Amino acid sequence: MNREDFPMLKKDLIYFDNGATTLKPKPVIDAMVDYYSNYSANAHRGDYDISLKVDTAYEQVREKVRNFIHCKSKDEIIFTKGATESLNMVVFGYMKYRLKKGDEVLLTKAEHASNVLPWQELEKEIGIQIRYIPLNEDHTLTLENVKKIITPKTKVISIAHITNVVGDIRPLEEIGQLCQENNILLVVDGAQSVAHLPMDVEKYHIDFLAFSGHKMLGPTGVGVLYGKYELLENMKPLQFGGGMNSFFESDGTLEYKGIPTRFEAGTPPIAEVIGLGAAIEYLQGIGMERIHQYEVELKKYAIQELEKIPNITIYNKHSTGGIVAFNIDDVFSQDAALYLNHYHICVRAGNHCAKILKDELKIKNTCRISFYLYNTKEEIDRLVQVLKQSKDIFKIVL
Amino acid sequence: MDPNLRREIILEHYQNPKNRGLVQEDGYLRENTYNDSCIDNLDIMMKIEDDVIKDIRFDGEACAISTSATSIMIETLLGKTVDEAKEIIHNYENMIEEKDYQKEILGELIVYNETYKQPNR
C-alpha cells in the first residue's frame, strides 16, 4: 500500500530489509526539509519567532508520541538517538541505582545485542544475575515459561515485543500483568514492533519502552525512551551539559531541569524529531491495526509460496510478525543474499545482532526477509521465482 | 581467465575443500579468523617445522569465496618456508586490493584476480 509516497520505490528495487531500517515517505522528508529551509533554529534557546516555532514543533512531537504509544503524559517521552541509547539509559541511569547484587534480570536468547549487552555490563559492574527465559521449540516465548522461571529475586524482565529474527509477537499483556502482580519491572524493546502494530504501554503495564525512529518510516538518529513518570523521577541523567540543568554554581551545585528535559542534554536532533512526528502522523493516517493485518497477510502468503520450493528451509513458519528467516540448503546465507542482490532484492544475511539465538536455532546464520506496509505479493512472487532458479546461484555469485 | 574455468575451480574448492577438519595434536599454531562484517568464522591451525610449513588445517563457516580461497591458499602454502609464505600472502593481498603483484607465485590463487569487482565481498 501507499507505494507512490516512497521515492526509494521508484528505483528498480525490492526492499525486504525493513527490520534493519525502513524507507521514508515524502511527508517525512518534506517535514525535515521544511525545518532546514524555513525555520532552522535551535530549540529552547532563542527569543525570536522561528525559535519559538522550533520549540512548538519539537514539543508537539512529544504529544504525538504519547498519543501513539498511549501513555499518560507527554513528559514520559524522552528523545534519544535510538532504541540502543534508550535501553542503555534504562540500564545505566535507572537499574544501576535500583538493583543490587543477586537481583535477577530475565532476558531471552532471542534478544538483540542492545537488550543483552547493557545488562551483561551491569552484571559485571554490580553483580545482578541474568537468566534466560526458556523458549518453546518454535523459539517463541510463552507466559507459562515466564511463570516457571520467576523467583522472589526476579526484579526485571527485559524483552523485545517482536523479536528481530524469529518475528514472534510476545504476549505482553499477560506478561505485564504477571510483572505487576510480582513487583517486577517490565522493560520492552519495541524496535521491531511499534512500527508494525498498535502499542499501548498502559494496557501492557510496560515500565520502560525503547524504540527507534528509522525503523518506523522516520529518520535515523532519533529514538524514544518511554518511562513511567514515577520511575523517571528516580532515573539519573547519563549526559550532563546544556539544556538539562536549571542552574549550577562553581562549587558544584547543580539543579536538574524537569522531566524529561533533564535527560536531553545538548542540542537535540531537532530535524529528526520533527521527521519522527511526521512519520507517526503518516502511520496513524493508515492505521496501525491495518498495517499489522496487511503484514500478517504478506507473511502468510510468503510462507505458503516459499514452502513450495524444496531446497529452502524456513526457521519461523509460525510466528506472526512480518519476518521470514530462511536459508537455501547448502548455501551460506551471505552467498544467498548476494544472489538475491543480483536481482535487486535486498535481504539481510547473518546473525542479525541476535548472536546468542544460535543456541536456540542451532544455526548461526540466516537470510532474513522483513516486510513493511509498502511490500506486495507481487514482490514475494518475484522472490519465489528467483529462489526457484537458485540452482544457478554460483553462476551468479562467482 | 575463462570465467567458466574460474567458477569451476572456486566451486570445486568450496564444495570439496582440501584440508578441512581440525586435528587434536600438539605442535600446531592455532588462529580463529572471525570477520564480523561478513560473518565468516574460520579456525585455522598450522604446523611449522624447521621453518617449513608442514601442515595446515581449517574448519568453520564462510561463504563460497572465503571457503574456497582458504582451501586454495592452504594448498599453495604447504611445503613453503615461512618467508615464501609471507611473500605469497603479501602478493595475494595486493591482488585483492588492486595493487601491483607478481602473478607467477600465486598459482591457482589468481582465480580471485577479479574479486575486487565485488566490493561487498
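Small disclaimer: the values here were computed from a predicted structure and weren't measured. Quick note on labels: first sequence line is chain A, next is B, and so on, each numbered from 1.
- Here CG of A:Leu398 is found 9.0 Å from OG1 of B:Thr115. Values are rounded to the nearest 0.5 Å.
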Only distances under 3.5 Å count here; give the side-chain donor-acceptor pairs of residues 41-52 of chain B to other protein atoms, sequence neighbours excluded, each with its distance to 0.1 Å.
{"from": "B:Asn41", "atom 1": "OD1", "to": "B:Asn32", "atom 2": "ND2", "distance (Å)": "2.8"}
{"from": "B:Asp43", "atom 1": "OD1", "to": "B:Asn32", "atom 2": "ND2", "distance (Å)": "2.9"}

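- Proximity to chain A among residues 8-15 of chain B is limited to B:Ile10, B:Leu11, B:Tyr14, B:Gln15, judged by heavy-atom separations below 4.5 angstrom.
- Annotation: ring-ring contact (aromatic ring centres under 6.0 Å, His included) contacts of A:Phe16 (sequence neighbours excluded): A:Phe371.
- Environment of NZ in A:Lys11: sparse, with no more than 12 heavy atoms of neighbouring residues, nucleotides or ligands closer than 6.0 Å.
- Remark: the backbone N or O of B:Cys63 is not paired with any side-chain donor or acceptor of A:Asp335 at under 3.5 angstrom.
- Residue A:Lys81 qualifies as open at atom NZ: its count of foreign heavy atoms under 6.0 Å is 12 or below.
- Scored by the side-chain hydrogen bond (donor to acceptor under 3.5 Å, both in side chains) test, B:Glu61 finds A:Asn365 as partners (sequence neighbours excluded).
- In this structure, A:Gln389 places its CD atom where more than 12 heavy-atom neighbours from other residues, nucleotides or ligands lie under 6.0 Å away.
- Atom-to-atom distance recorded for A:Ile396:CD1 and B:Arg7:CZ is 8.0 Å, nearest 0.5 angstrom.
- Within the model, atoms CZ of A:Phe394 and CD1 of B:Ile65 stand 9.5 Å from one another, a figure rounded to the nearest 0.5 Å.
- Environment of CG in B:Asp2: crowded, with over 12 heavy atoms of neighbouring residues, nucleotides or ligands closer than 6.0 Å.
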